[in-house]
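Structure, as structure tokens:
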Amino acid sequence: MLKSISCGDLRPEHDGQSVTLAGWVHRRRDHGGVVFIDLRDSSGLVQVVFHPETAPAATEIAQHFRAEWVVQVEGTVRKRPEGTENAELATGAIEVVATESEVLNESKTPPFDVSQQTQGQVDELLRLGYRYLDLRSASMHDNMVLRHRVVQYMRRFLDDRGFVEIETPILTRSTPEGARDFLVPSRLQAGTFYALPQSPQQLKQLLMVAGFERYFQIARCFRDEDLRGDRQFEHTQLDIEMSFVDEDDVLGLIEELYTAIVDEVVSGRRILRPFPRLAYDDVMARYGTDKPDLRFGLELADLSEIAAASDVRILRGAVEAGGIVKGFAAPGCAAYSRKGIDGLIAFAKSRGAQGLVTIGIDGDAPSLEGLETEHVRSAIASALKLDEVRALAQRTGAGPGDLMLIVAGGATVVNTALSQLRNEMGERLGLADATLIAFAFVTDFPLFEWDEETAAWGPSHHLFTSPWEEHWDRIETDPAAVRARHYDLVANGMELASGSIRIHDRQKQERVMRFLGYTNEQMEERFGQLLGALEYGAPPHGGIAPGIDRLMTLLTDHAESIRDVIAFPKTQAGTDPLFGTPAPVQASQLAELHIAIVPEDDAI
RNA sequence: GGGCCGGUGGUGUAGCCUGGCUUAACACACCUCCCUGUCAAGGAGGAGAUCACGGGUUCGAAUCCCGUCCGGCUCGCCA
């Protein structure tokens, strides 16, 4: 080894010890005589002192050190002189007095400052282009190390409970449902393709049939859909499947695991104990989304009844057309300027709403009872009766000084717009406790959802999810009312995990598929392997798949997006500026794969 | 595919709305010199930018207009 100990491990107990260190020059402070170097390696950093009187040769070399040079230093650990300790540093009580130094490798001046946080500070394209330097920065380095610790903890935790880690193929078969597949052309079988797995769903069910009872995998999943701050082409999930279990077993395991991770692996994070369990209908009503941010209130109120009895055309009309009217109160926002209101309206419209009704209650109003016309600030103030304003305020919880935000229209649109408006206002008003991770389970999802585009019922989770036992007979008669044994883990407005108790009976599985419009031939063609397996003693089973990337954005400090917890992520356009991915390939490679590129203009 | 925001020395920003007082400013980094206890060390000096790219308007464009590319956010999409 070129070093005898790591920089960040040095403590007062090493006082007097001779050490050899190797690492990167974090910063240098050259006083003309004495030279200080902060030397960094993967463990942290320590101050090295070079004295020209006692170590002239080493000091001469150190004077030429520059940022990010790789150097080796021999010296003696000692307690820092009285008054020069640095409480900011873990190693701040000691320093290394250098006797020898050597340059192992020089560095060009880095394109950005590696010694400081890069997230949110440096252009992300530049960071990705020099990802090896970006990851060298302490904050990104810490993110990767914490991710490692979390994953290791998961592995130990599950191993302790009898789970077996099993790998499943990356080259699998395309299934037409769900997201767009990444395809890999077959060289040996001309004209055919493998698909990268969107998840190991069917495989893990087959492992249950295979009798493993408790399976897990840190599984990479691929989806060729547009990328976002919380979505990459490939994401990693903790894939879990268990036999002979019900909902409580799966949710209890996850709650125990995530609570332990927060308690034992990370610091400075608070959670709700126990995790709230909320029914889908309840969260949709109160938050307008199935992944609510529970760090703050701003709950939505149903105002349809008041709207229906009102003379305000946009409110009453929406209800008469079969829609709903909902809203919430933004505390202290009654004084929003015209421009501010316009901004909120534009926000709502960009989220699909027809418009946004705002009603401010002047802070000068003595109370709701003492409300006068001049206290009501709204574009529709003239059409509103005072009693209606009172009723709306009562429902939304608005008082003097507050601003009611109300959307009317179809239920989906109203909920979508208001849920995002709620998140926006929660952020603007700083209502969310940054140290809180508000984990919660959402349960009792509908089994099916209506797809407007195809004018057909589709699975709201996936088609292997079991309905409630007592709802089997509703499938054909009242599909919208069928509840599923499906659950999600959410936190801070993000979906972190999704899972269900599966169907383990072939007849029942076919019944769901048949309802979804599959012919017997299609079932056999697409799901023959699973259906066949269900006929050979498939145990009752269920599972869940928590996303690790999103979880890490909650557990780390300074993660601006999912890209900050992934070592080598892609840009929103799906490119990697470091490697220049994706890239053309040799014509010979294409020929072997029986692939021909059709220029865009000639494409159909 | 749609909407919004952005692109100015190595980095981060200002200037842009209201075109000319700009020889494009500031901080950090970089280079040289000074400096023996700093830890965002300090001091003095210096170098470094065809203002993303292409076209247009104008006597004159970083600044106004159009297009393209790239990045981010977002709608669609993501069983």
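Only a predicted model underlies this, so the values are computations on that prediction, with no experimental measurement involved. All heavy atoms count here, side chains included; hydrogens, waters and symmetry mates do not. Proteins come first, then strands; the chains are lettered A, B, ... in the order of their sequence lines, and each starts at number 1.
- At a cut-off of 3.5 angstrom, counting only N and O atoms as typed in the model, there is no donor on one side facing an acceptor on the other between the side-chain of A:R351 and the base of B:C75.
- For A:R29, the side-chain hydrogen bond (donor to acceptor under 3.5 Å, both in side chains) partners are A:D38, A:Q47, not counting sequence neighbours.
- Here A:R29 reaches the OP1 or OP2 of B:A41: one of its side-chain N or O atoms lies under 4.0 Å away.
- Residue contacts for A:P81: at a heavy-atom cut-off of 4.0 Å it reaches a base atom on one of the strands shown.
- An OP1 or OP2 oxygen of B:C77 is reached within less than 4.0 angstrom by no side-chain nitrogen or oxygen of A:R228.
- Of the two residues near RNA chain B, A:F464 and A:D30, the one whose nearest nucleotide lies more 5' is A:D30.
- Nucleotide B:C70 holds its C1' atom 10 Å from the CG atom of A:D123, rounded to whole Å.
- Residue contacts for A:R563: at a heavy-atom cut-off of 4.0 Å it reaches the sugar-phosphate backbone alone, with no base atom in range.
- Among the protein residues, A:E85 comes within range of the nucleic acid bases, having at least one heavy atom under 4.0 Å from a base atom.
- For A:Q420, a side-chain nitrogen or oxygen approaches OP1 or OP2 of B:C75 to under 4.0 Å.
- If you check every strand for non-hydrogen atoms under 4.0 Å, A:G352 touches nothing.
- Stacking annotation: A:H31 is stacked on the base of B:A41 (ring centroids less than 5.5 angstrom apart, interplanar angle below 30 degrees).
- Nucleic acid contact for A:D224: none, since no nucleic acid atom lies under 4.0 Å from a heavy atom of the residue.
- Remark: A:Q116 is not in phosphate contact with B:A40, judged by side-chain N or O atoms under 4.0 Å from OP1 or OP2.
- For the residue pair A:R351/A:T416, the side-chain donor-acceptor check at 3.5 Å is not satisfied.
- Counting any heavy atom pair closer than 4.0 Å across all strands shown, A:L126 reaches sugar-phosphate atoms only and no base atom.
- At a threshold of 4.0 angstrom between heavy atoms, the contacts of A:S115 with the nucleic acid are absent.
- The stacking criteria are not both satisfied for A:F112 over the base of B:U11, which would need a centre-to-centre distance under 5.5 angstrom and an angle between ring planes under 30 degrees.
- A:R66 comes within contact range of the sugar-phosphate backbone alone, with a heavy-atom separation under 4.0 Å but no base atom that close.
- Close to B:G71, at under 4.0 Å from its OP1 or OP2, lies a side-chain N or O of A:T571.
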